[in-house]
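Counting convention: from 1, in listed order, for ligands and their atoms alike. All figures in this text were calculated on a predicted structure; none of them were measured in a lab.
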Amino acid sequence: MTRRPYIVGNWKMHGTRAMLSEARAIDRAAQRHMKVEVAIAPPYTLIHPIHREAEQIAVGAQDCHHEDGGAHTGDISAAMVADAGASFVILGHSERRTGHGESDALVRAKAGAAFAAGLKVILCCGESAATRESGKAVAFVKKQLKASLPEAAQLPAELAERLTVAYEPLWAIGTGTPATTDDIAEMHSVIRALLIELLGEEQGPDVRILYGGSVKPDNAAAIFAVPDVGGALVGGASLTADSFMGIALAASEPFEN
Ligand code: 13P
C-alpha cells in the first residue's frame, strides 16, 4: 500500500495566540493539497484553539506523560492532550531525550500510554554527531528504536495507521544543513528492515518513516525522492504557512514511498 506523504510541523516552544492566523493559513492551504496529510504539533496551549478551527489539518502534542494522572506537577497525560483535540503525539524527540533526560524505557512507556489513549504516535530516533563520527550511527539508531517501541503485545492492531517513525539526526536539527540523501537512504532502509523484523511483513512495510532535520522548501523534493521517506518532521520551516506549505507542495508531486 502506498500511503499519503505525511508532513508534520513541530512548533517546539514557539507560538502564542498570535500564531493562530498562521495555523489558519496552513489549514486553508492544506485543503488545496489533499494528496498530502498535513499536521502541526503546537505547544500544549494552542492545541485546543487550533483544533477547534481546523478543517483539514490534524493537531498533535509534542510530548505527554506516561501515566494517566496523579501527583505530577506540570505534566500532561495522553488522555488530556486527546481531550484538547490532539490526534497524535510526538515522542522521544532528541530535545526531550537530551533536555529532559528521557530514556528509551520512558519513551516506550509514553508510547504505550499514548496508544492506550487512542492517539497516533510519531516516534523519534536519531544519532548525535559524535556517534556518527565514530561509525556507530546505524547500530545506535537500531538499538534506540527497538528499545523505544512498545512490545508487540502492547501495540494497536491497525499499527500502520497509528505509528510513524521519524529519523532525525541531531546534527541536522536546526543547523540549516540536512543529512545527505545517501545518509537518509541508508538509515531509512535500516529502519524499514527493523520495522519488518519487529512488526512483521503485514505491518512493517506500511509504517511511514519521516525524515527530520533542516527540511526546507528548497531541499524537500530531493529528500522526498529518497526510498522509504514517507514525509517530513519539520521544525523551523513549519512556523510560517509559506515555507511549511512549500514543503507540502514538494510532497504533493508523486513520490513512490
Ligand atoms: P528543524 O526543521 O528546525 O531542523 O527541526 C527539526 C526537528 O527537530 C523537528 O522535530
query: Charged N to carboxylate O below 4.0 Å: is that the case for Arg97 and Asp104?
result: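 The answer is yes: the pair qualifies as a salt bridge.
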
query: Would you say Tyr167 and Val229 make side-chain contact, with heavy atoms under 4.5 Å?
result: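 Answer no - side chains too far apart.
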
task: Quick one: which residue pairs count as a salt bridge (Lys or Arg N to Asp or Glu O under 4.0 Å) with a foot in residues 114-128, not counting sequence neighbours?
output: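 For residues 114-128, and leaving out neighbouring residues, the salt bridge (Lys or Arg N to Asp or Glu O under 4.0 Å) pairs sorted by first residue read Lys120-Glu161, Glu127-Arg132.
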
- prompt: In chain order, what residues pass the ring pair (Phe, Tyr, Trp, His ring centres under 6.0 Å) check against His65, with sequence neighbours excluded?
  reply: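 Result, ring pair (Phe, Tyr, Trp, His ring centres under 6.0 Å) vs His65: His72.
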
query: Which residues satisfy the side chain to side chain contact (heavy atoms under 4.5 Å, CB included) test with Ala39, sequence neighbours excluded?
result: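 Expected list: Tyr6, Val8, Ala58, Phe88.
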
message: Can you list every protein residue that has a heavy atom under 4.0 Å from any atom of ligand 1, sorted by chain and residue number?
response: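 Under the 4.0 Å cut-off, ligand 1 touches Asn10, Lys12, His93, Glu168, Ala172, Ile173, Gly174, Gly213, Ser214, Leu233, Val234, Gly235, Gly236.
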
Arg32/Ser252 under side-chain hydrogen bond (donor to acceptor under 3.5 Å, both in side chains): CA gap, chis, key distance, verdict: CA-CA 10 Å; Arg32 296 193 297 273; Ser252 69; over 6 Å; no

